[in-house]
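Index from 1, following the sequence.
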Amino acid sequence: MICKNEEKTIGNALKSVKDIVDEIIVVDTGSTDNSIDIVKSYGGKVYKEEWKDDFSYIRNIALDKARGEWILILDCDEIINDTGKERILSYIKDNEKDKGLNLRIASFINGKKRSIENSIRIFRNDKNIRFKGKIQESVKESIIKNYGKEAIAFTDAQIFNYGNDKDIVDIEEKSKRNLSTLNSYEKKDIYYFFRLGNEFGKVGNFKNALQNYDEVMKILEEEKEDMSDLIPKIIINRTKALHQLKMYKEEEDFLEKITKKYSDFRDLYFMECLLRIE
């Protein structure tokens with residue numbers, strides 16, 4: 001885990017997994033509240049590091065400290081329920097083939113599940129598996145590079161994420177930190193614009209979010225490499241931004257165009273239903 005002033009949530013996160021993990025490793029980037037004491041109360045090891053606008057840098061420091069065969073990555077505003085823990089243990093038991101496991105990250109706001117997506121949160125403790133990306137960091141690229149796509153499996157185990165709920169976390173403070181990290185990017189590539197759009201969306205600045213999503217769409221039309229992981233996310237996020245801006249005609253035209261190209265993308269029909277309700 002990475003931590004900075006997370007006393008409101010980190011205890012629940014650790015409580016939810018303390019019975020299935022052999023060690024708890026937390027890299028703290030400058031907490032001034034009771035976060036560190038809470039971690040230690042669960043027997044966790046705390047390592048202090050200066051924040052350098054790079055999540056992967058901090059994550060990889062944590063990986064270097066780990067001794068277990070498998071590594072579970074959890075954010076301070078996440079929990080895993082009993083069903084999720086049982087499924088996780090069943091997936092790693094006698095597992096000799098997989099290098100990384102996709103878990104289902106369910107995002108909750110005001111007690112309701114708002115979205116769900118895959119993320120590699122469990123993987124082998126292997127020096128060839130390391131995080132990449134200053135923000136929205138992932139080990140996916142290193143696993144594929146060293147072991148191929150077939151080394152990554154999908155599971156139905158869920159992590160409940162409350163990181164977008166303003167009643168639980170300080171969304172503006174998180175966004176300010178993330179925007180600072182994005183501003184440190186030297187290469188303004190497709191992932192930069194996508195992540196920047198997401199951060200603006202989180203704080204309700206849908207005009208700027210849409211501008212960045214449009215940059216992504218423009219690059220997607222020119223890119224020849226495989227962007228299959230990004231396409232569904234950008235389509236949905238751009239549609240949501242148009243909806244929030246009450247640009248209903250533009251939203252309708254966009255959905256009609258995209259549905260013709262991705263007719264099996266069921267979420268598009270759901271978004272169209274929301275548009276009709278409006």
Side-chain angles (χ1 to χ4, degrees), residues 75 77-78 102-119 133 135-138 158-179 181-183 185 188-223 227-278:
D75 287 342
D77 45 32
E78 295 177 334
N102 272 293
L103 271 57
R104 303 285 281 162
I105 312 301
S107 179
F108 284 79
I109 299 176
N110 296 327
K112 295 182 180 179
K113 188 184 294 185
R114 299 295 184 177
S115 65
I116 190 163
E117 61 181 31
N118 293 311
S119 179
I135 192 171
Q136 294 183 6
E137 66 284 5
S138 175
Q158 290 192 30
I159 290 177
F160 296 164
N161 179 291
Y162 298 91
N164 294 317
D165 192 329
K166 63 182 180 181
D167 293 328
I168 296 177
V169 300
D170 189 337
I171 298 293
E172 290 192 8
E173 186 62 30
K174 284 182 66 174
S175 187
K176 187 187 301 182
R177 176 202 61 194
N178 292 346
L179 287 171
T181 299
L182 285 164
N183 286 333
Y185 270 50
K188 304 297 190 287
D189 59 7
I190 190 168
Y191 294 101
Y192 165 81
F193 290 111
F194 177 66
R195 291 160 182 163
L196 189 57
N198 291 346
E199 292 307 319
F200 281 123
K202 287 177 184 177
V203 295
N205 189 339
F206 296 105
K207 182 178 179 180
N208 280 356
L210 182 60
Q211 289 175 352
N212 283 281
Y213 293 148
D214 285 343
E215 288 292 330
V216 175
M217 296 300 296
K218 190 186 304 181
I219 297 171
L220 276 175
E221 293 177 1
E222 302 169 354
E223 285 284 349
M227 294 287 178
S228 56
D229 287 352
L230 185 61
I231 290 172
K233 297 176 184 177
I234 180 57
I235 289 174
I236 291 298
N237 287 8
R238 186 176 189 273
T239 303
K240 289 179 179 178
L242 288 168
H243 198 83
Q244 291 292 334
L245 291 167
K246 301 186 185 304
M247 298 173 64
Y248 300 133
K249 183 62 172 69
E250 291 85 347
E251 182 184 359
E252 182 180 22
D253 293 342
F254 180 62
L255 284 172
E256 182 180 357
K257 176 183 176 182
I258 292 297
T259 304
K260 288 179 180 178
K261 189 172 183 180
Y262 303 102
S263 59
D264 59 344
F265 188 5
R266 290 178 297 176
D267 287 8
L268 296 179
Y269 301 103
F270 175 75
M271 298 303 294
E272 189 174 354
C273 288
L274 290 181
L275 176 61
R276 297 302 172 211
I277 292 172
E278 290 292 340

Could you tell me which non-hydrogen atom of Phe108 sits nearest to which non-hydrogen atom of Lys113, and how far apart they are?
CD2-N, 3.6 Å
Which distance, rounded to the nearest 0.5 Å, do you find between the CG of Leu220 and the CZ of Phe193?
12.0 Å
pair Tyr213-Ile234: side-chain heavy atoms closer than 4.5 Å
yes
Smallest heavy-atom separation, Gly197 atom then Ala209 atom, equals O-CB, 3.4 Å
Shortest non-hydrogen pair, Ser107 vs Asn164, comes out as OG-ND2, 3.4 Å
4.5 Å side-chain heavy-atom contact, Leu196 and Tyr185:
no
Does a sphere of radius 6.0 Å around CD in Glu252 hold more than 12 heavy atoms from other residues, nucleotides or ligands, not counting ones at 6.0 Å or beyond?
yes
How long is the straight-line distance from CD of Glu172 back to NZ of Lys166, given to the nearest 0.5 Å?
9.5 Å
Can you tell me if NZ on Lys176 sees more than 12 non-hydrogen neighbours from other groups inside 6.0 Å?
no
Closest heavy-atom pair and its distance - Lys202, Ile171:
O-CG2, 3.7 Å
As an exercise, state the distance from CD1 of Ile277 to CD of Glu272, rounded to the nearest 0.5 Å.
11.5 Å
Just wondering, do Asp214 and Arg238 contact through their side chains at under 4.5 Å, heavy atoms?
yes
From Phe194 CZ over to Leu230 CG, what is the distance, rounded to the nearest 0.5 angstrom?
5.5 Å
Does a side-chain N-to-carboxylate-O contact under 4.0 Å join Glu215 and Lys218?
yes
Side-chain heavy-atom pair Asp77, Lys174 within 4.5 angstrom cut-off:
yes
Donor-acceptor contact below 3.5 Å, side chain Asp189 vs main chain Tyr191
yes
Smallest separation among heavy atoms of Asn110 and Asp167, with atom names:
OD1-OD2, 3.3 Å
What distance separates Ile258 CD1 from Asp253 CG, expressed to the nearest 0.5 Å?
11.5 Å
Does a salt bridge link Glu173 with Arg177, judged by any charged N lying under 4.0 Å from a carboxylate O?
no
Considering only heavy atoms from C-beta outward, does the side chain of Glu250 approach that of Leu245 to under 4.5 Å?
no
Of all residues at least two apart in sequence or in a different chain, which pass the salt bridge (Lys or Arg N to Asp or Glu O under 4.0 Å) check with Glu117?
none
Test your reading of the model: is there a side-chain donor-acceptor pair from Asn161 to the backbone of Glu78, 3.5 Å cut-off?
no
Measuring only between side-chain heavy atoms, which start at C-beta, is Asn212 closer than 4.5 Å to Glu199?
no
Is it the case that the side chain of Tyr269 and the backbone of Ser263 share a donor-acceptor pair, with hydrogens and angles ignored and the cut-off at 3.5 Å?
yes
Is the backbone of Leu255 close enough, under 3.5 Å, to the side chain of Thr259 for a donor and an acceptor to pair up by distance?
yes
In Å and rounded to the nearest 0.5 Å, what is the CZ to NZ distance from Phe206 to Lys240?
9.5 Å
Search all heavy atoms of Ile235 against all heavy atoms of Phe254 and return the closest pair with its distance.
O-CE2, 3.7 Å
Using a 4.5 Å cut-off on heavy atoms from C-beta on, say whether the side chain of Ile159 contacts that of Arg104.
no
Tyr248 vs Leu275 side-chain heavy atoms within contact, under 4.5 Å:
yes
